Amino acid sequence: MATVTASHLVSTVCQVNSHGADTKAANLICMKNQAAITHNGLRFLNMLDRLQMRTNAKAVARQAVKQENPRPWGKIICGKGLNLVFVGAECGPWSKTGGLGDVLGGLPPAMAANGHRVMTVSPRYDQYMDAWDTSVLVEVKVGDKIETVRFFHCYKRGVDRVFVDHPMFLEKVWGKTGSKIYGPNAGVDYKDNQLRFSLLCQAALEAPKVLNLNTNRYFSGPYGEDVIFIANDWHTGLLPCYLKSMYQSRDIYMNAKVAFCIHNIAYQGRFPFSDFSVLNLPDRFKSSFDFFDGYPKPIKGRKINWMKAGILESDKVLTVSPYYAQELISGEDKGVELDNIIRKTGITGIVNGMDVQEWNPATDQHINVQYDASTVMDAKPILKETLQAEMGLHCDKNVPVVGFIGRLEEQKGSDVLAEAIPRFIGENCQIVILGTGKKAMEEQIENLETQYPDKARGIANFNVPLAHKIIAGSDFILIPSRFEPCGLIQLHAMRYGTVPIVASTGGLVDTVKEGFTGFQMGAFNVECDAVDPSDLDKVAKTVKKALATYGTPTMNEMIQNCMAQDLSWKGPSKLWEKLLLSLEVAGSEPGNEGEEIAPFAKENVATP
Ligand SMILES: Nc1ncnc2c1ncn2[C@@H]1O[C@H](COP(=O)(O)OP(=O)(O)O[C@H]2O[C@H](CO)[C@@H](O)[C@H](O)[C@H]2O)[C@@H](O)[C@H]1O
């Protein structure tokens, strides 16, 4: 078998790198590592890394090594990686109403840390101070008008963050979070949402071609056409359709593929059937959108369904936990009338990771005591008393605090919780609820203070620092979801040694182990019109059981079990990589063994 010699490497580097100092450094490193390099490509890669060579230099050198040594040592160590374009209506921390923003914020850096070239494309809802105008403009046809889109960009934590600038986003929202992303108030959509998200999908398809990005030391120039688009939720359902109708029909993006990820099937983008004409798609796509809405609200009947089209027109369908994947195909209620479609296409569930940088009890700037697994028992009582004081509750470290954070709507079961409170509030405990959403549910939680002045507080606000304080200062986090595709709150809680009490649904089943890292309440009735009394029993019974363990060695062990887990994106990102590689886009190769915290991690502090 041929081996790669150090002198060969040096001459390769000389050929491809005109920078004298780098070549000298190459010589030195090669000499130092000569023995190893002759039989080990890993050392060679390290050398290239240390030289910070540009992509083309690295690629040529790698090619030379491969020719010398046909054994694919480079497969794992220095694969070319994938070109990934994540597209979503939210991207944390720049924009977020919930978990979708978290995933677009956290998964891309993990994929970049694995050696892939990664871009996210999301709307520019505010004048983000860290994202610069690229001065690149494109024109897209939205409805019956030609709209000009401008791209803004920043490079953070190994990821090209691209923001689509258009008045449909910025002028409507003027902010980084909150329900205004989708409509003027919670539960009310903007009338032109179809146009807004048509524009987003078209802009995302342009970005890899038109943006000449040189931010990464390994990659330069436009992403090009051999890319995988990762479309997220119904807002991006048009992307695979436009890819085919506007590009592949003209021999562009012939190798590109689309993976469609379902974060929440409850929102599908159902609109009147006649609206198909505003999408500017050929009639042959009509059948993919065609949908008979079986639910009477707002009106029963024939519709177009963006998510259905996204699922059918993409090359791969994923969701955010294996258990939710099973639930989606189990029947009409959990698959929300798309179960038959998903059974046809198939679906893969990969459990979400969490952003261990934003949610790190050892460095969290929102809490007054930082801690880890060895200091959690000392830190928790202090953090709890701080939380109690901030909430205006009686400060007592011996009173167990149960927290809840989430969008206030039927999915999250905040109504179930509010009705269950009388059944357990007599115990030694306090409860703190944070959420925004439906007006009636906001009022329901705000009234808790009047009903239980010594015991409960409900804050109807979107407040990230307070979310951190509740996660850190509570003893238990309650998640009474009717359905939960994955759920991130329980992951955040476990990392902070806060024991989750969860409904047995979706990702909550995959991530919380009964008696080991938390408590399972059983599955709830998914009908959202009323609260099922048997669900109230489940909540009360399990909360009482959890409270009974408070302060016992069993509870302390559970805290340690929770904190010992690796809940980062590292594991999930490898599963994503495997799945995306199976799409076999030209030139795709596995990436490196990376670290969850990418080299430029510190830079991931958005300053919107
Ligand atoms: N009032 C408030 N103030 C501050 N922060 C708040 C808040 N309300 C919610 N948050 C934050 O928003 C996030 C919510 O995460 P979830 O997983 O519950 O998301 P959601 O249901 O929106 O997302 C969907 O997508 C995600 C991602 O795939 C799935 O995990 C999930 O099951 C699915 O329903 C958390 O980071 C939480 O702290």
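None of the values given here were measured: they were computed from a predicted structure. Each ligand, and each atom within it, is numbered from 1 in the order the structure gives. FYI, the numbering just counts along the sequence from 1.
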Ligand 1 N/O to protein N/O, distances under 3.5 Å:
unit_1	atom_1	unit_2	atom_2	d
ligand 1	1 (N)	Asn461	O	2.9
ligand 1	3 (N)	Asn463	N	3.0
ligand 1	17 (O)	Leu488	N	2.9
ligand 1	18 (O)	Lys412	NZ	2.8
ligand 1	19 (O)	Gly99	N	3.0
ligand 1	21 (O)	Arg407	NH2	2.7
ligand 1	21 (O)	Lys412	NZ	2.6
ligand 1	22 (O)	Gly99	N	2.9
ligand 1	22 (O)	Arg407	NE	2.9
ligand 1	22 (O)	Arg407	NH2	3.4
ligand 1	23 (O)	Gly99	N	3.4
ligand 1	28 (O)	His263	ND1	2.7
ligand 1	28 (O)	Asn352	ND2	2.9
ligand 1	30 (O)	Asn352	ND2	3.4
ligand 1	30 (O)	Gly487	N	2.8
ligand 1	32 (O)	Glu484	OE2	2.5
ligand 1	32 (O)	Pro485	N	3.4
ligand 1	32 (O)	Cys486	N	2.9
ligand 1	32 (O)	Gly487	N	2.9
ligand 1	34 (O)	Gln411	NE2	2.9
ligand 1	34 (O)	Glu484	OE2	3.3
ligand 1	36 (O)	Lys96	NZ	3.0
ligand 1	36 (O)	Asp102	OD2	2.6

Before you tell me yes or no, could you show the steps for Phe229 and Leu205 under side-chain contact (heavy atoms from CB on, under 4.5 Å), namely the whole-Å CA-CA distance, both residues' side-chain angles and the distance that decides it to 0.1 Å?
CA-CA 8 Å; Phe229 293 95; Leu205 284 159; 3.7 Å; yes
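Under the side-chain hydrogen bond (donor to acceptor under 3.5 Å, both in side chains) criterion, Gln268 pairs with Arg270, Asn305, sequence neighbours left out.
Of the N and O atoms on the side chains of Asn114 and Ser573, at least one donor lies less than 3.5 Å from an acceptor on the other residue. Of the N and O atoms on the side chains of Thr498 and Lys380, at least one donor lies less than 3.5 Å from an acceptor on the other residue.
Between Val351 and Cys486, the closest side-chain pair of non-hydrogen atoms falls below 4.5 Å.
Of the residues listed (Phe271, Phe260, Tyr267), the one engaging Trp234 in a ring pair (Phe, Tyr, Trp, His ring centres under 6.0 Å) is Phe271, and it is the only one.
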